[in-house]
Each structure stands twice: as C-alpha cells, then as structure tokens.
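In each ligand, atom 1 is the first atom listed, and ligand 1 is the first ligand listed. Source: prediction; values computed, not measured.
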Amino acid sequence: MITDRQIQAFHRDGAVMIKGAMTDWVDVMRAGVARNMEHPGKYASENDVPEGQGRFFDDYCNWTRIPEYELVVRQSPAAEIAARSMRSTTAQFFHDHVLVKESDTIKPTPWHQDSPYYFVEGTQTVSMWLPLDPVKDATLRLLAGSHHWEKMVRPVSWADDSDFYDSNEDWSSLPDPDGNHANSRILEWAMEPGDLVLFDYRTVHGARGNLNARRRRALSLRWLGDDARYVERPGRTSPPFPDHEMVSGQRLREDWFPVVWTR
Ligand SMILES: O=C(O)CCC(=O)C(=O)O
C-alpha cells in the first residue's frame, strides 16, 4: 500500500507520489465530482477566471452530502495510507477539496502552503491529491523540504492575490520557485487516475493552468494524525467551519472530524 521508502521520502521531502493505490476507487470519485459540480456547495468558487479563459471550479467540505465522497473517506484504503504516511496510530478526516480545471484554463494554482489557511497544526498532517484524469504539465508541483521552513508563507486570496488575513503576522514572502531554480527542488510527476500524491500541510505547492484539450479533475482528501491540534488564526480560516467552538490545543472535535482508521 505504501512502502517504508515512500514513508521516508514523504518525511524527508514533504511529498511523495504513490502509483495505483486508489485505482479501484476512480469511478466512485469521478461520480462524486460529477454530483458535486451539479450541486455545488456553499463554498464553491469559480476563482474569478475571466470569460474565455477556461474554468477553474473548486469546492470543499462536501463529504457528508456527497455519498461517493463519504464512501471513499470511510471505505477506501485512503485513511490507512494517510495514517501510515504520517506514522500516526490514527487517521482523522479533516475535509475534502475538489479542484477542476477545464481544458484551456490559463489560471495557475498559486504557490502556497495549506497550513496558514487552516486552524490546525502538527507534525502529522497529510493531504492526498488524487487526479481523476491523466496529468503531465497540469499536475501538482511541490517544493521539496519546504515543510521544514521556519516561517509560514503569507496566505493570499486565490482570486486576486490580496492578503487572506487582515493582520500584521510575520509571514514569509511568496516563493517564486520557477524564477529561483538554484534554491528550489520542484517535485512533479506525470500521473494516471488512481495514483496519488501525499503532501504535508506545510509543503509549498501549486499547479500550472490546464492548457490541454482534456479537463483536469482532482480530489484532495485532508487527514490529521495523532499530534494535530486546533490553533487560533488571525481571522476566518479556509475552510471556516463556523461555530466550531474549539479552543487552542484541543484535538479537532471527532463528531465533525471523525477518526476513520486506528491501528
Ligand atoms: O489541484 C490543484 O490545482 C492544486 C491542489 C491544491 O492546492 C491542494 O490540493 O491543496
């Protein structure tokens, strides 16, 4: 399912690609994405893509109303792979995130870390990025070792690059790995549906636009391990989870964020 070498690579680089671990679940995930796009949730976004420049749809936190997503979260090998990659005795589900770039979509996914947008931190966190179409240039791109950076990268709005929080937090500036090759080792893989990338919430990542004739669907499943704890951020997080009533240092409440796998 996941080898010791792959687990070592995940901890060293902050990301690793696993071939074929979710092949049996591709049709279920595609059906979930189709249902999700037909019935977008309250957080669905079109990312301000100008008319004639394709379409970049994303949405999150739909697993309790999209039965195919719930099936994948609860029944597929995803939870066990997540727990093993984090070297955690448990895998707690945080949320799902769908990202669809239709053909000829120019807009890239900006380089960013997920961690500053979330109200949770720990050394045991993992996102599982699952392309549902073959990808090459429109694949996920990640900056090796960035999960060990001391300062978090300034979070911005994907729509217009404005600051995500209204605060004077001491963020580090946005990275430019493509312009600064000397200090960057970019990880990216050509992938088939059923393959997946595991990456730490702190790993800097992004994606090019999709300038191909084929659409690019991807589902990200976000997992938490034993040491993940609620943290306060200087404003409304993304996702926001209104009225969660958690306090700093607490494990995320299990009635909203279920522990799906235990060793
Ligand atoms: O699929 C993409 O374009 C970016 C994915 C991403 O940022 C994520 O899964 O956190």
Enquirer: With a cutoff of 4.0 Å, is Arg141 in contact with ligand 1, counting heavy atoms of the residue only?
Expert: no
Enquirer: Just by distance, no angles: are the side chains of Asp227 and Thr123 close enough, under 3.5 Å, to form a donor-acceptor pair?
Expert: yes
Enquirer: Can you list the atoms of ligand 1 that are under 4.0 Å from a heavy atom of Phe199?
Expert: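 The atoms of ligand 1 under 4.0 Å from a heavy atom of Phe199 are 8 (C), 9 (O), 10 (O).
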Enquirer: Any idea which atoms of ligand 1 are less than 4.0 Å away from a heavy-atom of His112?
Expert: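 Near His112, the atoms of ligand 1 are 7 (O).
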Enquirer: Check whether any side-chain N or O of Asn47 sits under 3.5 Å from a backbone N or O of Phe56 as a donor-acceptor pair, and report yes or no.
Expert: yes
Enquirer: Is it true that Asp200 and Thr203 share a donor-acceptor pair across their side chains at a distance under 3.5 Å?
Expert: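 Absent: no donor and acceptor within the cut-off.
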Enquirer: Is there a polar contact between ligand 1 and Trp158, counting only N or O atoms under 3.5 Å apart?
Expert: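 N/O-N/O distance under 3.5 Å: no.
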Enquirer: Among protein heavy atoms, which sits nearest to atom 9 (O) of ligand 1, and what does the distance come to when rounded to 0.1 Å?
Expert: Ser220 OG, 2.6 Å
Enquirer: Answer yes when Asp195 and Lys19 have at least one side-chain N-carboxylate O distance shorter than 4.0 Å, and no when they do not.
Expert: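 The answer is yes: the pair qualifies as a salt bridge.
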Enquirer: What atoms of ligand 1 come within less than 4.0 Å of a heavy atom belonging to Arg222?
Expert: 8 (C), 9 (O), 10 (O)
Enquirer: Any donor-acceptor pair under 3.5 Å linking the side-chain atoms of Tyr60 with those of Ser238?
Expert: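 The answer is yes; a qualifying pair exists.
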Enquirer: Could you find the nearest protein heavy atom to atom 4 (C) of ligand 1 and give me its residue, atom name and distance?
Expert: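 Going by distance alone, atom 4 (C) of ligand 1 is nearest to Thr109 CG2, 3.6 Å.
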Enquirer: I need the atoms of ligand 1 closer than 4.0 Å to a non-hydrogen atom of Ala207, numbered in the order shown.
Expert: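 Here the atoms of ligand 1 in question are 3 (O).
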Enquirer: Can you find a non-hydrogen atom of His97 under 4.0 Å from ligand 1?
Expert: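 It does not, in that no heavy atom of His97 comes within the 4.0 Å cut-off of ligand 1.
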Enquirer: Is the Tyr230-Phe119 ring centre distance short of 6.0 angstrom?
Expert: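 Yes, they do, as the ring centres are separated by less than 6.0 Å.
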Enquirer: Applying the side chain to side chain donor-acceptor pair (under 3.5 Å) criterion to Asp133, which one of Arg217, Arg30, Arg215 satisfies it?
Expert: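 Of the listed options, the one satisfying the test is Arg217.
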Enquirer: At less than 4.0 angstrom from any non-hydrogen atom of Arg216, what atoms of ligand 1 do you find?
Expert: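 Heavy-atom distances to Arg216 below 4.0 Å select 1 (O), 2 (C), 3 (O).
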Enquirer: Please could you name the atoms of ligand 1 that Leu140 approaches to less than 4.0 Å, counting only its heavy atoms?
Expert: 4 (C), 5 (C)
Enquirer: Quick check on contacts: which atoms of ligand 1 are under 4.0 angstrom from a heavy atom of Asp114?
Expert: 10 (O)
Enquirer: What I want to check is whether the side chains of Tyr118 and Arg222 have a donor and an acceptor closer together than 3.5 Å.
Expert: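 Present: a donor and an acceptor within the cut-off.
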Enquirer: Tell me whether Lys136 is salt-bridged to Glu188, with the criterion being a basic N under 4.0 Å from an acidic carboxylate O.
Expert: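 A salt bridge is absent here (no side-chain N lies under 4.0 Å from a carboxylate O).
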Enquirer: Please state which option from Lys101, Gln113, Met128, His205 has its nearest heavy atom closest to atom 6 (C) of ligand 1.
Expert: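 Of the listed residues, His205 has the closest heavy atom.
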